[in-house]
Amino acid sequence: MTRDTIYRDILLEHARHPKNSGRLENPGLSASVHNPLCGDELELTLALSGELIQDCRTIVRGCSICQASASIMSEMIIKKTLKEAIITGRLFDESLRKDNEDVPEMVEPLRPFLALKTHRSRIKCMKLAWDALEECANQDKSPNYT
Amino acid sequence: MTRDTIYRDILLEHARHPKNSGRLENPGLSASVHNPLCGDELELTLALSGELIQDCRTIVRGCSICQASASIMSEMIIKKTLKEAIITGRLFDESLRKDNEDVPEMVEPLRPFLALKTHRSRIKCMKLAWDALEECANQDKSPNYT
Amino acid sequence: MPNHTLISQCRKDFPILKREVNGYPLAYLDNAATTQKPKSVIDAITNFYENHNSNVSRGVYTLAEEATEIYESGRDAVANFIGAEDSGTIIFTSGTTESIKLVSSAWGQKNLKKGDRIILTEMEHHSNIVPWQLAAKSYGIELVYWPVTTEGRLDLALLEELLTNSVKLLAFTMVSNVLGCINPVEQITEIAHSHGVPVLVDSAQAVSRMSIKVSEWDCDFLAFSGHKVYGPTGIGVLYAKKERLEEMLPFQGGGGMIRHVEKQSSTWAVPPQKFEAGTPPVAQVPGLKAALEYLKQYGIKQIERHDNELTEHALNQLTEFPDLELYGPSEIQNRTGVVSFNLQNVHSHDVAQVLDESGIALRAGHHCTQVLHERLGVPATVRMSFGIYNDPSEIDRMFSALDQARAIFLH
Amino acid sequence: MPNHTLISQCRKDFPILKREVNGYPLAYLDNAATTQKPKSVIDAITNFYENHNSNVSRGVYTLAEEATEIYESGRDAVANFIGAEDSGTIIFTSGTTESIKLVSSAWGQKNLKKGDRIILTEMEHHSNIVPWQLAAKSYGIELVYWPVTTEGRLDLALLEELLTNSVKLLAFTMVSNVLGCINPVEQITEIAHSHGVPVLVDSAQAVSRMSIKVSEWDCDFLAFSGHKVYGPTGIGVLYAKKERLEEMLPFQGGGGMIRHVEKQSSTWAVPPQKFEAGTPPVAQVPGLKAALEYLKQYGIKQIERHDNELTEHALNQLTEFPDLELYGPSEIQNRTGVVSFNLQNVHSHDVAQVLDESGIALRAGHHCTQVLHERLGVPATVRMSFGIYNDPSEIDRMFSALDQARAIFLH
Ligand SMILES: Cc1ncc(COP(=O)(O)O)c(C=O)c1O
Ligand SMILES: Cc1ncc(COP(=O)(O)O)c(C=O)c1O
């Protein structure tokens, strides 16, 4: 079994059995985002207590990569602060742009996606969930993430 | 002396000493035309008695070909009916489009221009005076030239 | 099948078809997005740059006259190819999108006013929707949609109902870039004209596949792109009937389209120059001409037959699989080689990526027809679309590769 | 002159320079109209068509990803070449004319209203006049002309007077395509900005001749054409500063520029995609990139020096003949290789045709600057304009051939 097949299996497993799928009632923050290239849609709802993400859910109408990304993200951000979550997303973004495969510790769980980063057309699918997170942070006017 | 040089000399002679240059007072018909490619301008005034072109004058601000064309046309159309003159112009136009050098009797005096017809960019210069004539005929609503 | 033998000859004319992708020979099935280029087209562009390159219409020197001659002979070739009586009705643009925008702007500005309506169909490409939405905003007009039937067709009886007094234009595609249906331009034009309504035909998908006869059909506007008829990118065509040309204001301002420019106002050249502002796609014109000559060499009849055989081959297999859903007509009549479908429970992007691993190039997504996809009730579809160089065996490879997609995503 | 040795090397890179015209080697002196193409540019286009051709941005298959990569790397190359910090500020268009039209329409629609003024100069090309006349008609704005001095320059002191409160844009050319003068973009921009007025720079004649630094100069818009920088026809560039991009409505509607399309309205993609509707000039992008790389290989400094030497060589001879009238500055400072003149009592078209008989290609006419020619008091001029492959000997041939024109028309 090659490394790429292992990664693919990890992603497929998430796509088939997505974690934290659904919608929170009365979420602290929520965002709906859209990939104009393929028409995919993703809705993210967050429950916050103070700075901390207590819970999150996603509804995805999209491809396996988009679904896997939402599922893995949901596991990564629960019990993190919104700020930490945003930073993780940005580090992921940077890793996708880099030529090498070195990734910061925080981005480790996202390695399976990095194996696909030469497929530039799929980058938007990998990032759609993280875009929704940014969108939530934008709505959360109080702190400054930039 | 080649045929082309003879033709060129005929044209140059006309360009240097244009026939019927100037403007008629109280002309029966008149038209100002313009070549947008090079900015050349030409004004034609006609004196008619009934159908007959009694006299004509041209003022040309243009290249040697344009000036020669106006000069030669003026010689050809005086004492012709407006209708005959228009037909001559259209036969000239047809001859310029044809692949061979056969020309109708009426167009004979315009042969020096036909030697230049491969220079497509100069066709408009050759025809500007004749365009002015068409313009005059258009204003002369009474008869039907088409 | 003598036809296949002949058409299969043409594969060697396309240098890109020698390519391998992921270890497999390239099976290019995305011809509705753009077509590949035969060597004669590439050579025509190279020849222009290497021997005749110059700007057109304004120079008196030899090179400029040659370039102008080449440019105008390209206009003649287009007129001839689409059955236009007069080359003066052919305007070169940068593509279908700009051609339609030219009509919505140059014709629309003068002929559309508040309360007017325009009819579009639900199967239009965004290029034939968005310009009209922008026009709707500018002129206060209303957009009315001619619905798509459940078979993926247009119902002519419905059109009669939509053609009310306030309708000022009917803009429709000749071939849907998703459903593959062929809409009967001549009939539709006749109906529209009987209500005094001019028609714009988006023939982006049609020109490479069937014969076009604008003068005979009497359509008012017709638009297409060079890159979808085996020609270069960066060039398109707008045909406009003489009467319509005369109703049009200038579109873009610049060199070549003027008669006289003064500080505060200008007068315009006659059509088609009036609508060709600035340096046109000079080197692309001989490329487009070479493409049309290439098509003529094989003959549109033969190309049509080949396209039909491939379409039938694809439809026959598609309907065998219960987990494949076809969008567009399942019968071959008035249908061409654009075949869209979905594999149940697998996203179209995932399908396309797995197929790519076997060297099969086709498209997944909404294909710039979100209104149609809304109507179909799916966000995205997988689309294969055929060109003259495609072979039934490439379609077979596509169906085998679908098994891999099933294995990966549905096991 | 080590410079000449180096530049003369580049002649072999241009296949067309092997051509003979009327029995003489081609002396191509019409580079302001369009430039010739080095083999590397032609090859880049061919390579795209033969190996990577596909539509961009929408496909997930290998070929589509390659094409997208090539397309976006072209955007990066342009940004880098003109000193733009962010590739997202580069919009691909069909040429300078469309770039300016994009600003007059997409930016103008939102930022210009009745009573506003726009400043143009008297030396503008029709491409930077006519779109504003059309805008003036649509939005009710007024056009004000910054006059050309008798030396063929712009007087900065005059600008201050013109910059009244109602001025909303200053649009000017960096290099006149007739006078050859170089206008000081950085200084002009600073003055305009100090009055809160954004600037549009028409750099059609400048990009091939001198270094461009949009971010450093802080100009708001900058436009140029591929075909005038040794690249392909059918492609142009609009640079627009981020703040300006955000003030712009969509220009054309179609594929690629949308976020979501519904029947009656749509939302837009982010810039630059928002302004690139339909299939862009995909194959022309690698051609343009190759052209910019070609220029970099010789270095803009060196190209500038060569251009200066040719210009000086031409001006020196021109001023020797009392029957030649020069239009534009006679001193070499802030002047480039576009040199216009007239032979007394001979029409410019006649001159150009006689020169063509000796294989010399240059242009006669108003060069799409009728407002300037009105100012100069002549309907037409003869213009020679230099490229990197021109040699002083070609200029000498031009002056000898003028003797023939004298002999024919003035004997
Ligand atoms: C100064 C200037 N601006 C604009 C243009 C127009 O460029 P294009 O015809 O490539 O759109 C030209 C080309 O003639 C020019 O010289
Ligand atoms: C039916 C139809 N119309 C218009 C277009 C737009 O063509 P272009 O992108 O070449 O302007 C397309 C291409 O996708 C099409 O398929």
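Here is how names work: the chains are called A, B, and so on, in the same order as the sequence lines, proteins then strands, and each is numbered from 1.
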If you count heavy-atom pairs under 4.5 Å between each of [options] and chain D, which one has the most?
| options | result |
| --- | --- |
| C:Asn53, C:Val371, C:Leu17 | C:Asn53 |
| C:Ile100, C:Ile360, C:Val130 | C:Val130 |
| C:Glu122, C:Lys18, C:Lys137, C:Lys228 | C:Glu122 |
| C:Val41, C:Val21, C:Ile258 | C:Ile258 |

Quick one: closest heavy-atom pair of [X] and [Y], and the distance?
| X | Y | answer |
| --- | --- | --- |
| C:Cys368 | D:Gly255 | SG-CA, 3.7 Å |
| D:Tyr49 | C:Gln36 | O-OE1, 4.3 Å |
| D:Pro131 | C:Gly253 | CG-O, 3.6 Å |
| D:Ala64 | C:Arg363 | CB-NH2, 4.3 Å |
| D:Tyr61 | C:Ala361 | CD1-CB, 3.4 Å |

Which portion of [X] sits near chain D, non-hydrogen atoms under 4.5 angstrom:
| X | answer |
| --- | --- |
| C:Asn22 | side chain |
| C:Leu26 | side chain |
| C:Phe251 | both |
| C:Ala364 | backbone |
| C:Val282 | both |
| C:Glu98 | both |
| C:Ile45 | side chain |

Portion of [X] that has a non-hydrogen atom of chain C nearer than 4.5 angstrom:
| X | value |
| --- | --- |
| D:Leu143 | both |
| D:His260 | both |
| D:Glu357 | neither |
| D:His52 | both |
| D:Glu66 | side chain |
| D:Asn128 | neither |
| D:Pro232 | both |
| D:Ser225 | neither |

Which of the residues [options] is involved in the greatest number of heavy-atom pairs with chain C at under 4.5 angstrom?
| options | value |
| --- | --- |
| D:Thr97, D:Thr35, D:Leu249, D:Thr93 | D:Thr97 |
| D:His125, D:His227, D:Glu374, D:Gln109 | D:His227 |
| D:Val60, D:Thr96, D:Thr369 | D:Val60 |
| D:Gln264, D:His367, D:His373 | D:Gln264 |
| D:His349, D:Arg19, D:Lys37 | D:Arg19 |
| D:His126, D:Gln133, D:Lys39 | D:Gln133 |

Using atom types as modelled and distance alone, determine if a side-chain donor or acceptor of [X] lies under 3.5 Å from a backbone N or O of [Y].
| X | Y | value |
| --- | --- | --- |
| C:Asp356 | D:Thr62 | yes |
| D:Asn55 | C:Ala33 | yes |
| D:Thr233 | C:Pro281 | no |
| D:Glu50 | C:Ile16 | no |

Using side-chain heavy atoms (C-beta onward) and a distance below 4.5 Å, is C:Val261 in contact with D:Ile129?
yes
Interatomic spacing from [atom1] in [X] to [atom2] in [Y] - rounded to 0.5 Å:
| X | Y | atom1 | atom2 | answer |
| --- | --- | --- | --- | --- |
| D:Ser99 | C:Gln252 | OG | CD | 9.5 Å |
| D:Gln370 | C:Ser266 | CD | OG | 8.0 Å |
| D:Ser105 | C:Lys101 | OG | NZ | 6.0 Å |
| C:Thr46 | D:Ile42 | OG1 | CD1 | 6.5 Å |
| C:Leu63 | D:Asp30 | CG | CG | 9.0 Å |

Does this structure show an ion pair linking D:Glu124 with C:Lys263, if we count only N-O contacts that are shorter than 4.0 Å?
no
